[in-house]
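Reading through the structure tokens given below for one structure.
Please read these numbers as outputs of a predicted model, since none were measured by experiment.
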Amino acid sequence: MTPPQQFSALKGVQDIFPPDVHLWQKVESLSREVFSLYGFEEIRLPIIEPTGLFVRSIGETSDIVEKEMYTFPDKAGRSITLRPEGTAPVVRAYIEHHLYNLPSPQKFFYSGPMFRYERPQKGRFRQFYQIGVEAFGAVSPLLDAELLSMLKILLERLGMKDLNFEINSVGCGNCRPAYRTALRDFFSAKLGSLCPDCQRRYEANPLRILDCKVDRCIELRAGAPFITDFLCSECKDHFEKVLSALRRLNIPYTLNPNMVRGLDYYTRTAFEVTSEHLGSQKAVAAGGRYDRLVEEFGGPPTPGMGFALGMERLTELLRETGEIVGPFPDVYIAPLGERAIMEGFLMAERLRARGFLVESGYDGSSLRSQLRKANRITARFVIILGEDELSSGRAKWKNLGDGSQGDVEIRKVEEFLASASPGKPR
RNA sequence: GUGGGCGUAGUUCAACGGUUAGAGCACUGGACUGUGGCUCCAGGUGUUGGGGGUUCGAAUCCCCUCGCCCACCCCA
């Protein structure tokens with residue numbers, strides 16, 4: 001006989017189950033709570049989008065578009081892509097539903113899986129989850145500071161420590177081209193000494209040379225021009241006001257003129273929140289401004305700004321700060337014998353209707369093994385129901401915390417548990 | 001796509017090329033026929049990831065392949 005085929009999850013995707021899933025739930029619920037204080041409302045969007053949406057927003061020559069998208073034709077021959085990021089779909093929906101007619105700024109958050117066909121490593125997956133926010137229609141640098149503050153408050157309430165807020169301005173369509181030219185000029189004489197990757201970057205995206213990790217390239221870029229010295233007066237003013245607001249909020253930040261964002265659509269403010277406790281993929285959140293994107297997609301000129309949190313990286317850090325355990329059963333019902341099993345089954349349903357978390361045995365195993373199981377799942381109480389109890393009408397109860405026990409009328413088990421469990425029933 | 005590391009029981013890991021591949025934990029049962037945790041005892045059909053090769057003999061050496069991990073590229 002051939003053994004049945006065993007399936008396993010695809011490369012780069014993962015199952016999330018207890019106890020880990022409790023961390024995920026905590027992050028999700030706390031995010032909702034904090035975001036709602038700032039007026040962000042949830043938006044739920046498709047996971048598949050037309051391929052062109054990402055090609056045009058992220059940039060045709062970006063790695064994401066060139067080699068990382070899950071793209072396939074549907075049955076009518078349309079090119080479909082599993083979303084590799086969240087901003088472009090939100091922008092699409094914002095324009096498609098004319099949300100710009102509503103009072104500005106419009107603020108949304110989303111949560112869900114993204115897909116990129118990459119080689120997995122620590123903190124990187126092919127299906128990964130992001131919680132993101134996007135705000136439309138506010139040019140003020142105070143919005144930038146407000147989003148940073150909201151993010152910091154969320155991370156603090158999650159108990160995260162040792163985070164570094166790195167910030168930069170990548171300028172706009174007016175000033176960035178001049179900087180690119182200046183960078184190319186700076187590196188042109190050293191081109192032959194740069195690593196092969198950087199020689200490619202020199203052509204494709206010279207800003208990327210700035211965050212190369214090769215020692216030689218790090219040496220060669222000493223003295224390279226800073227983008228902050230090339231910002232136009234509007235961008236410079238905006239950046240200074242963001243930084244000043246951050247100082248007023250007592251939010252510590254690190255200026256990182258070498259930080260460039262991967263996606264083409266960013267303008268002005270760009271930032272990353274990193275942790276040294278992660279692997280090489282150390283950004284737990286990142287975002288920035290995209291003041292031209294809505295217009296480029298056919299909407300009215302509307303500034304935008306947002307960020308996304310990487311769920312796997314976040315929960316990775318939270319796992320180190322202490323396990324969050326799931327709910328424990330209030331009571332385990334241990335029936336002995338056929339009649340008792342049915343009685344216990346009915347009792348379990350009565351107790352659940354009263355708001356108790358109940359586990360119940362119904363396979364007729366010994367009292368010993370049932371108590372062992374109750375102990376293992378850390379039930380607070382055990383109710384023992386055997387022939388003796390059924391004939392006397394009084395069930396035995398046992399408190400697994402202190403070992404105390406006694407008996408109680410079967411009809412009054414609910415009342416007994418309610419008085420013995422503060423806060424229950426709900 | 002590139003480079004490196006690792007695949008042995010449910011799990012964490014042992015086993016100089018040499019008997020029948022072992023141990024902790026977990027699980028199940030018992031000591032205690034209806035009382036958990038602590039203790040003690042008992043319980044393993046593992047294609048040593050898969051395939052091929054070298055050898056009298058391979059978990060161990062070689063080749064191929066699959067998978068996982070880490071790093072690069074890039075990115076949350």
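- A salt bridge does not link A/E296 with A/R56: every distance from a Lys NZ or Arg NE/NH1/NH2 to an Asp or Glu carboxylate oxygen is 4.0 Å or more.
- Pair check for B/rC16 finds none; no Watson-Crick or G-U wobble contact set falls under 3.5 Å.
- Between the side chain of A/N375 and the base of B/rG36 there is at least one donor-acceptor pair of N/O atoms closer than 3.5 Å.
- A/E68 comes within 4.0 angstrom of sugar-phosphate atoms only, judged by non-hydrogen atoms across all strands, and of no base.
- Remark: side-chain polar atoms of A/E219 are not paired, donor with acceptor, to backbone N or O of A/R216 under 3.5 angstrom.
- No engagement by A/E316 is indicated, since no non-hydrogen atom pair under 4.0 Å with the nucleic acid exists.
- Centroid-to-centroid, the aromatic rings of A/Y94 and A/F136 come within less than 6.0 Å.
- Here A/Q405 lies in heavy-atom contact (under 4.0 Å) with a base.
- At a threshold of 4.0 angstrom between heavy atoms, the contacts of A/G132 with the nucleic acid are absent.
- B/rU54 is unpaired under the criterion used here, namely a Watson-Crick or G-U wobble arrangement in which both key atom distances are under 3.5 Å.
- Across all strands shown, the partner of B/rC68 is B/rG5, judged by Watson-Crick or G-U wobble contacts whose two distances both fall under 3.5 Å.
- When heavy atoms are screened at a 4.0 angstrom cut-off, A/F125 is found touching base atoms of the nucleic acid.
- Taking only distance into account, the side chain of A/R368 meets the base of B/rG30 through a donor-acceptor pair shorter than 3.5 Å.
- A/K373 comes within 4.0 angstrom of nothing in the nucleic acid, heavy atoms only.
- A salt bridge links A/E316 and A/K122; the closest N-O separation between the charged side-chain nitrogens and carboxylate oxygens is under 4.0 Å.
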